[in-house]
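Accompanying notes for the structure given below.
Chain naming here is simple, since letters A, B, ... match the order of the sequence lines and numbering starts at 1 in each.
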There are 2 protein chains.
Amino acid sequence: RRVHGENLLQLDKMESSAFSMGLDTHRIPMAMFRENRDKLVKSLKAAGFTSGLVVLNGGEQAHRYDTDTEILFRQESFFNYLFGVIESEFSGVVHIDEGKSVLFCPKLHEAYSVWQGEIKAPEFFKTRYEVEDVQFDFELGEYIKKHASATSPVFVLQGRNSDSGSTSVPAKFDGFDALESQGLINRTALHPVIAECRVIKSNKELDVLAYVGGVSSRAHVEVMRSIRPGMAEYQLESLFLHNVYTYGGCRHSAYTCICACGPNGAVLHYGHAAAPNTRILQAGDMALLDMGAEYACYCSDITCSYPVSGTFSPNQRLVYQTVLNAQRAVMENVRDGVSWPDMHRLATRTILAGLVEGGVLVGSVDQLVAAGLGPIFMPHGLGHFLGCDTHDVGGYLPGHPERLTEDGSSFGICKLRTARVLHAGMVITVEPGLYFMKTMMQKALANPTMAAHINKDRLSEFENFGGVRLEDVISITHEGFRNFSACPRTVDEVEAVMRGEQWPQQSDLAPW
Amino acid sequence: RRVHGENLLQLDKMESSAFSMGLDTHRIPMAMFRENRDKLVKSLKAAGFTSGLVVLNGGEQAHRYDTDTEILFRQESFFNYLFGVIESEFSGVVHIDEGKSVLFCPKLHEAYSVWQGEIKAPEFFKTRYEVEDVQFDFELGEYIKKHASATSPVFVLQGRNSDSGSTSVPAKFDGFDALESQGLINRTALHPVIAECRVIKSNKELDVLAYVGGVSSRAHVEVMRSIRPGMAEYQLESLFLHNVYTYGGCRHSAYTCICACGPNGAVLHYGHAAAPNTRILQAGDMALLDMGAEYACYCSDITCSYPVSGTFSPNQRLVYQTVLNAQRAVMENVRDGVSWPDMHRLATRTILAGLVEGGVLVGSVDQLVAAGLGPIFMPHGLGHFLGCDTHDVGGYLPGHPERLTEDGSSFGICKLRTARVLHAGMVITVEPGLYFMKTMMQKALANPTMAAHINKDRLSEFENFGGVRLEDVISITHEGFRNFSACPRTVDEVEAVMRGEQWPQQSDLAPW
Ligand SMILES: [Mn+2]
Ligand SMILES: [Mn+2]
């Protein structure tokens, strides 16, 4: 329910103590970020680092190549996690011993007030971000120099992101080299500790993730209701983005929308600039739509798959039900203490069983797994942590299981973005998929062990099918899990919503 | 009119000879880019560079910081101008003597086919982009080495963008340093020549700019019809982006939407991440909406201003009519051979005259100009070239007028993005504006010469007014100009459209 009124003007101006996009969008108390900082301090102390300074640079404004066209700024995720600062060019310091935090804002000149808006004093940011002090960025180096010592080293962020393989860039500040030559810079301790902090979400973070999941789910349903043969895939993207922005205040998407219809459903990350969602939908297409909004740098990641026509054909029903069975099997077993690779194996087995039932494969599931057919049909991992990044940090940290290669393939379980045991507070996607990829089909048919289990005639019916993926975001709780996605999932639900029935099926239409 | 049918599937797959987003979006023949290359070759020859290789790297896929989240790729503008390549990681060579062009595509590995889509052979790109040859990127260095010589140097792109102050990065390739030490690399000749090529648009480029201008205009009208008190500014942005994407196939905007309502209208580049369009609209607000779509890296840039209520108050009408008068004065005088600074001066004078008529300023226009009041109320330039960049290249090239500082201010005419004489084929924005900025008002009132001309009581009525800007994109023709924007402009037109009347006022409702 949209709320109007004078009092909302407070949100408009960004209340000092909360972030919100106004109207009825979610209000994030700045206490969320303070709790994140407190948790980091506690974790560093627990790891034996009882004193010193954590120093992070926030993100910088980027431009298109050499032009003055600004690329809409999106805060760096670690910095967002600790401070929730929406402005570029900030830095931050957290004192480990006292837990005190200081932000450093850029010193802007007069032209900013003409082009970008009112120049805010440090005092303004101190109130907005609820930190102990705010100084100008040119004071950062001096500040650190003053507080660094042999008993109070400087912790900067340098570590490898296990999804990208890229390394975070340690904070830069005046006097860095001098401090490093004195042995006062610690480049390695911070990354695994802060990444582990991000793995287990606080209740306030879960609230944000639930909000952005709900916003994304409603937009998915809107797209589901609007899809028609003759539309272009990008029109689905457009509608989704409009819906999450207008009704949810989500200006960014968590990732580029994958609107893969017909054969494109077999391309896992379709929708990028070189495959830009331009197919014209055909009545016989399955649509595989993987789209998630982002709010305050907290992500969502939801995939719905359904027939463009609104009614499942027998083969569409087979593939869809098989993937749904896989997702349900995981949901029935996922809980605190379960190993994530076990869930991946369960999903793969359920998918292979569905293909046997549908007459595409022949043999026992054990035989099919042994033959290596799992990664042929589901060449990606079952799911990934989600938070300030879509593929969130912490999947492979020291002291936790390493990446698996048991299926001997370069696809499938080795693509799992974590092999950890699940614990309450983790947020993870459950996204089994079943795809008919030309390269994978060829590979299977060329391999005698695999080919022996394939009904070639039956498989050939799926040559241009594309694929189905069903992706929900869940948080692990002590009791089981909580689902942040709320899209129609059963065949009956999907067909009902596509012909115009209500969703969610139970809804409080007059809540007073 | 939306066209459906089998034949559109050709567009879906991107016809070899044209770029289009399918449905009834604009079809850009690859010949447009060939003509651009031919023009460059001709211009280089005319400048005395009769032989050699032009080498450009296209843009690279970027990611959010250290994560694997891809930032939607947008081609680099010079590379787009010459080749129209939508994929990242390409390079291109143009032979000056024969005019022959060769593209270099990345060599992709198997995983690409699973995650990003079918791996296309060089032959595919040769047909799609209509170049003489396509090779793999690892062959680029060897290719250049083979063709470079004392009579056939290598031209790379290094020059300063006069809007950003940034320098384009010269192409990188294996063996660059060796060639440079042999004196075979020319870093300086290419930039001014190719920039000048981009200044004068071809007819095919004008078609694209007309298309994206029309798409943006219709979206502006849709927003104008939908605006209501109680909405958030970002909902206007959301609607605009949805409209240009769904109906125009425009996935990118040319720049971040400026949805500045009420006092925010006095912030020229409002809407960025630190001022993210979050005001809740009030009935008394003026809306200043500066939004432009982009199609195939060709930009639009349109500003509409109107009362949120749908009806101009007397003060709103005064400011609006003053800006409209300035825009009209320019339109009546702009043509091939006119100096752009003269148009800026005309606009400034018209705005000052309006303020005198409205009782805000006192004195003759000459006196007000002499007192320096022009940049107080219009602190930006009248307009800028537009093409593959919103602020397009070529504003200040050698051999053309340099930046002016005649008004002694650091705002106003010195902000003009070009001081050139206009010629047929140039595309430029006409965007006079009148703003009531706190810092500027304070500056004027603190300056006795200025303050003597100000009616302080009358001025104080505009303290929270914000501003008005009206921006159209025009191309200069031999006969006069062509307007690529088609938004309601007169007070009557705006009020009529806002109460639901038809736009454009003449329209072929049954065109058969
Ligand atoms: Mn996912
Ligand atoms: Mn402009």
Side-chain angles (χ1 to χ4, degrees), chain A residues 4 8-9 12 14 21-23 59 63-70 72-74 76-77 86-88 110 113-117 161 163-164 166-168 230 232 234-235 238-239 241-242 245-246 249 251 255-256 267-270 272-276 278-280 379 389-391 411 437 439, chain B residues 4 8-9 12 21-23 59 63-74 76-77 86-88 110 113-117 161 163-164 166-168 230 232 234-235 238-239 241-242 245-246 249 251 255-256 267-270 272-276 278-280 379 389-391 411 437 439:
Chain A
H4 297 292
L8 286 175
L9 287 176
D12 173 25
M14 298 250 174
M21 289 292 282
L23 297 179
H63 296 82
R64 279 190 186 165
Y65 308 100
D66 63 333
T67 76
D68 65 347
T69 305
E70 292 187 350
L72 182 61
F73 175 72
R74 196 270 193 195
E76 193 277 326
S77 292
I86 66 169
E87 291 87 0
S88 63
E110 186 198 1
S113 72
V114 171
W115 293 86
Q116 271 86 26
N161 181 301
D163 292 303
S164 65
S166 299
T167 300
S168 54
Y234 63 76
Q235 295 180 311
S238 181
L239 182 57
L241 295 175
H242 178 45
Y245 197 9
T246 278
R251 194 179 203 185
Y255 51 93
T256 301
V267 179
L268 299 181
H269 284 176
Y270 181 78
H272 54 91
T278 49
R279 179 182 172 85
I280 307 298
D389 294 319
T390 304
H391 297 153
F411 301 98
M437 301 179 182
T439 50
Chain B
H4 296 294
L8 285 175
L9 288 175
D12 173 23
M21 289 292 281
L23 297 179
H63 297 82
R64 279 189 186 166
Y65 308 99
D66 63 334
T67 76
D68 66 348
T69 304
E70 292 187 349
I71 295 168
L72 183 60
F73 175 72
R74 196 269 194 195
E76 192 279 325
S77 293
I86 65 170
E87 291 86 1
S88 62
E110 187 198 0
S113 71
V114 170
W115 293 85
Q116 272 86 24
N161 181 301
D163 293 303
S164 65
S166 299
T167 299
S168 54
Y234 63 76
Q235 295 180 311
S238 180
L239 183 58
L241 295 175
H242 178 45
Y245 197 8
T246 277
R251 194 178 203 185
Y255 50 94
T256 302
V267 179
L268 299 181
H269 283 176
Y270 181 78
H272 54 91
T278 48
R279 179 181 172 85
I280 306 299
D389 295 319
T390 305
H391 297 153
F411 302 98
M437 302 179 182
T439 50

Return the CG to OG1 distance between A:D66 and A:T69, rounded to the nearest 0.5 Å.
9.5 Å
Those residues at least two apart in sequence (or on a different chain) that pass salt bridge (charged side-chain N to carboxylate O under 4.0 Å, His left out) with A:E87 are A:R128
Go through A:S238, A:S166, A:G59 and name the one with the most non-hydrogen pairs under 4.5 angstrom from chain B.
A:S238
So which of A:P379, A:S88, A:S77, A:G249 has the biggest tally of heavy-atom pairs under 4.5 Å with chain B?
A:G249
Greatest number of non-hydrogen atom pairs under 4.5 angstrom with chain A, of B:V114, B:T439, B:T390, falls to B:V114
Do you know which of A:H269, A:H242, A:R74 has the most heavy-atom pairs under 4.5 Å to chain B?
A:H242
Picking from A:E110, A:M437, A:R251, which has the most non-hydrogen pairs under 4.5 angstrom with chain B?
A:R251
Taking side chain as C-beta onward, heavy atoms only, is A:D163 less than 4.5 Å from B:T67?
no
Is B:H272 reaching over with its side chain to a backbone N or O of B:T256, donor-acceptor style, under 3.5 angstrom?
no
Residue, of A:F411, A:Y234, A:Y255, that accumulates the most heavy atom pairs under 4.5 Å with chain B
A:Y234
So does B:D68 get a backbone contact from the side chain of B:H63, meaning a donor-acceptor N/O pair under 3.5 Å?
no
Check A:Q235 against B:T246 and note the closest heavy-atom contact, atom names and distance.
NE2-O, 2.8 Å
How close do B:G230 and A:L23 get, counting heavy atoms only, and between which atoms?
O-CD2, 3.4 Å
Under a 4.5 Å heavy-atom cut-off, does chain B meet the side chain of A:Y65, its backbone, both or neither?
side chain
What part of B:A275 gets within 4.5 angstrom of chain A, counting heavy atoms only: side chain, backbone, both, or neither?
side chain
Heavy-atom pairs under 4.5 Å with chain B: which of A:D389, A:T167, A:N161 has the most?
A:N161
